[in-house]
Amino acid sequence: MSMTPSVTVVMTAYSNFEYLPAAIESVLDQDIGDFEFILVDDGSTGDIRPIIAPYLGRLRYIRQDNRGPGVARDTGVDAAQAEFIAFCDSDDIQHGFRLSSHAALLRSFPDAAMVFSDLATFDGDVVTFPSTLRERQLGLFRRDFHEAISEAFGKPTSCAALGIHVPRELEKHPVYSGHVPGLIAARHVAWDGASMFRKSMMLTVGGHDPTLRYLEDWSFVSQLSKKYELVFWDVPAYLYRQHSDQLTKQSIQVAARSYRDVVEKVWKDDVGLAADFPQLHKELVSIAYLRNAHCAMDAGEYVRAKADLVNCIRAVPLRRHGYTQMIRCTLGQTTEKVRNTIGWLGSSIDARNFRVARRPAFGIAGALAILVAIGMFSSEFTSILNLNKTDTSPERVALGGNPEQTPEEIAQGIVDPIYLLWANGRILEAFERSQSVVHELPLLPSDDIRQHVVAKLVGFSVSLGRIEDAIALSEKLLDIELRTELQAAISFANGDKESMRKLLETDSTFKESSTALLMSMVGLRDRAVELVSSAAVPEQLMPRMNVISAMAAMQAGDKKGAKEQFEAATKQLDISDAGYFFVATDMLAGIVKSEGDIDAAIGILENTMAQRDAAVRNGSAIFWLMCQKNLAAMYDQSSRKGEADALERKLRERLILADKSFPLAQSLIEA
């Protein structure tokens, strides 16, 4: 071994030494010779020295008081001489190529803080999961493994292409690199044991969280991924042992609490991450509460379980498992009450798992328990699912959730995944998911939430160019004014300004200030001003008034006045006011182009292309699509044929499901 090794392996051990020799030998059998081996004993209750005595010449032994696996790893890091750090647990095994290949990959990507691989799980001599990533960890949204990885990292390379020597059968396995905080925050995909780290970068994030006894590596890698690039080699280089000592009830409860704590640590203090992945944040919060509810029910703590399940459903209202577990919780609590009230009859029932023992008394006791449960179920379940109820529990606030969710916020959470799929160009998936939501509308807990979901789905159907679907959905709205407003928007998208004008001339008291934008487009300036004045908040009032005045100036033939008003509006408008923003920029670009400065007009529209996500989430995707169409036309006129064709192609892809009569889609077909 050289004076300064290239790699330090840190193994942590605590008490159970049955599998320790195999783990040590898997390290010593590595095909790299230049490494040091540190074993950190985390305050074991048993005597580890007889086990490690044969290996003391080849490893360094450090003992500390029991402080958890994360702190034990950090103790090893502090003592390490090498820049590259590899971890290994005392009951796991690693393939002989792991250290050499990971070190070579880190050298090939000098900006990366770590390289991680897939892992396989095994029990005895049986491999239970050949690929943990594919079979367990990337199934949060039932997505294809390669799709999830490629979307996060981009195009892969391989060890063969990088000139890295690995076993021949692994040479062409994909190697990915990039900045991927969203992927790491989503799931526990990078284990300490299957990773190698660059020590200098590790130290910048402060080590592992000492309060965590489980999932501490997920928390640590999440913090690392926010600052640095990571490398993923799609090979199971590590074997994770499953055995009965890991599966105690206590460890399951600790795991559930740790999951919640990690979600809090990863998301709470990172506003940018939560903003970039809003639906993912809600999914993880929902899962965290669901796991804690399971543990609470297993412990017979039904009140706590119900509170957790309410928060689970608040985060993701369409999570069916939340409702089924609420039923289980209510029935289990009822059965527990029966047991406490009529002991000798209820003793035949296992309330916590809601199972019935094979005893003669069950006929009477079971029937009685079920009747009581049914009687209690309606009132308790209806009460607990009051989604408008304020929840100021520390757990709710700590996880970054709003302690009070309105029906509109709940609806936004339901449709956000659909919008984000559309924004990322996954049109068919977005449409299929929207259809699923339509079919599941009856499952939602209130009419108010259903109406908000339907209204948002109308806007989504318009963004697809599916005008007939949008009309059919709008008919489901009970709110006549809102239905009229949405149908006016549908008429605009369909190029039918006459129908839009007739709808907006009615005496209905409209609620959506964005409807004023449509009014201004068909010359109803006075009604538009009245609506904006009554509905807009102060910071929105002036820029919206500017857009309305600019539209009136355009209709009066005053291009100079219109340009001034549009310019003032674009300087003040916030992207959250998406409809006004896109119309103002589109119209301003048209005026600038008519004045002969097409390059300036292109610059105005190019800035709108980056606002795609905001456009679709705010129901203004149709305006964004029109800006895209106009930009493509300007590219063509500026002899930028390649850019024009690329933009037209993307627009066709977005409107692949559009009705054939939809004007925007028809203009593309004709082009």
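FYI, side chains are in, hydrogens and waters are out, and symmetry mates aren't considered; it's all heavy atoms of this structure.
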Kindly check if the number of other-residue, nucleotide or ligand heavy atoms within 6.0 Å of [atom1] ([X]) is above 12?
{"X": "Arg67", "atom1": "CZ", "result": "no"}
{"X": "Asp47", "atom1": "CG", "result": "yes"}
{"X": "Lys172", "atom1": "NZ", "result": "no"}

Rounded to the nearest 0.5 Å, how far apart are [atom1] of [X] and [atom2] of [Y]?
{"X": "Tyr14", "Y": "Ser44", "atom1": "OH", "atom2": "OG", "answer": "7.0 Å"}
{"X": "Asp29", "Y": "Ile93", "atom1": "CG", "atom2": "CD1", "answer": "10.5 Å"}
{"X": "Asp74", "Y": "Glu216", "atom1": "CG", "atom2": "CD", "answer": "9.5 Å"}
{"X": "Asn292", "Y": "Ile287", "atom1": "CG", "atom2": "CD1", "answer": "12.5 Å"}
{"X": "Ile51", "Y": "Leu39", "atom1": "CD1", "atom2": "CG", "answer": "11.5 Å"}
{"X": "Gln94", "Y": "Glu25", "atom1": "CD", "atom2": "CD", "answer": "12.5 Å"}

Short side-chain donor-acceptor distance under 3.5 Å, [Y] and [X]:
{"X": "Ser117", "Y": "His102", "value": "yes"}
{"X": "His173", "Y": "Asp234", "value": "no"}
{"X": "Asp308", "Y": "His294", "value": "no"}
{"X": "Tyr61", "Y": "Asp41", "value": "yes"}
{"X": "Thr45", "Y": "Ser15", "value": "yes"}

Is the backbone of [Y] close enough, under 3.5 Å, to the side chain of [X] for a donor and an acceptor to pair up by distance?
{"X": "Ser286", "Y": "Cys312", "result": "yes"}
{"X": "Thr75", "Y": "Val71", "result": "yes"}
{"X": "Trp218", "Y": "Ile184", "result": "yes"}
{"X": "Lys199", "Y": "Thr8", "result": "no"}

Is the Tyr240 to Phe129 ring centre distance short of 6.0 Å?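 Not close enough - the centres of the two rings lie 6.0 Å or further apart.
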Between Phe197 and Phe220 (judged by ring centroids, cut-off 6.0 Å), do the two rings come close enough to count as a pair?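 Yes - the distance between ring centres of Phe197 and Phe220 falls below the 6.0 Å cut-off.
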What closest approach, in Å, do [X] and [Y] show between heavy atoms, and which atom pair accounts for it?
{"X": "Tyr176", "Y": "Gly154", "answer": "CD2-O, 3.6 Å"}
{"X": "Ala113", "Y": "Tyr228", "answer": "CB-CB, 3.5 Å"}
{"X": "Met114", "Y": "Ala190", "answer": "CE-CB, 4.1 Å"}
{"X": "Ala86", "Y": "Val7", "answer": "CB-CG1, 4.4 Å"}
{"X": "Asp91", "Y": "Ala23", "answer": "N-CB, 4.3 Å"}
{"X": "Ile164", "Y": "Ser108", "answer": "CD1-OG, 3.5 Å"}

Are [X] and [Y] close enough that some pair of their side-chain heavy atoms sits under 4.5 Å apart?
{"X": "Arg168", "Y": "Glu171", "answer": "yes"}
{"X": "Gln81", "Y": "Arg60", "answer": "yes"}
{"X": "Val10", "Y": "Phe37", "answer": "no"}
{"X": "Pro236", "Y": "Leu119", "answer": "no"}
{"X": "Ile410", "Y": "Arg314", "answer": "no"}
{"X": "Met202", "Y": "Ser200", "answer": "no"}
{"X": "Ser150", "Y": "Lys155", "answer": "no"}
{"X": "Leu230", "Y": "Val180", "answer": "yes"}

Derivation of the side chain to side chain donor-acceptor pair (under 3.5 Å) call for Ser100 and Asp31: CA-CA 7 Å; Ser100 60; Asp31 62 7; 2.7 Å; yes
Can Asp118 and Ser131 be said to form a side chain to side chain donor-acceptor pair (under 3.5 Å), step by step? CA-CA 6 Å; Asp118 198 354; Ser131 170; 2.5 Å; yes
Are Arg198 and Glu83 close enough for a salt bridge, meaning some N to O gap below 4.0 Å?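 No, this pair does not count.
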Run the salt-bridge test on Arg73 and Asp89 with the 4.0 Å N-O cut-off and return the result as yes or no.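 Salt bridge flag = yes for Asp89 with Arg73.
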Under the criterion side-chain contact (heavy atoms from CB on, under 4.5 Å), I'd like the reasoning laid out for Ile38 against Val9: C-alpha separation, chi angles, the key distance, then a yes or no. CA-CA 6 Å; Ile38 298 174; Val9 178; over 6 Å; no
Applying side chain to side chain contact (heavy atoms under 4.5 Å, CB included) between Ile32 and each of Pro5, Ser6, Ser101, report the one that passes.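 Running side chain to side chain contact (heavy atoms under 4.5 Å, CB included) over Pro5, Ser6, Ser101 with Ile32 returns exactly one hit, Ser6.
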Residue pair Phe35, Leu99: steps toward the side-chain contact (heavy atoms from CB on, under 4.5 Å) verdict: CA-CA 9 Å; Phe35 73 94; Leu99 295 184; 4.2 Å; yes
Residue pair Thr132, Thr121: steps toward the side chain to side chain donor-acceptor pair (under 3.5 Å) verdict: CA-CA 7 Å; Thr132 298; Thr121 61; 4.7 Å; no
Just say parallel, tilted or perpendicular for the rings of His95 and Phe97, cut-offs at 30° and 60°.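 Correct class here is parallel.
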Would you please classify the geometry between the Phe153 ring and the Phe232 ring as parallel, tilted or perpendicular, with 30° and 60° separating the classes?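 Phe232 and Phe153: parallel rings.
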Decide yes or no on side-chain contact (heavy atoms from CB on, under 4.5 Å) for Tyr19 and Arg241, but give the supporting numbers first. CA-CA 9 Å; Tyr19 308 110; Arg241 189 189 301 272; 3.3 Å; yes
Which is it for Ser195 and Val115 under the side-chain contact (heavy atoms from CB on, under 4.5 Å) test, yes or no, and what are the steps along the way? CA-CA 6 Å; Ser195 307; Val115 56; over 6 Å; no
Run the numbers on Tyr238 and Asp92 for side chain to side chain donor-acceptor pair (under 3.5 Å), then give the verdict. CA-CA 8 Å; Tyr238 190 80; Asp92 297 337; 2.9 Å; yes
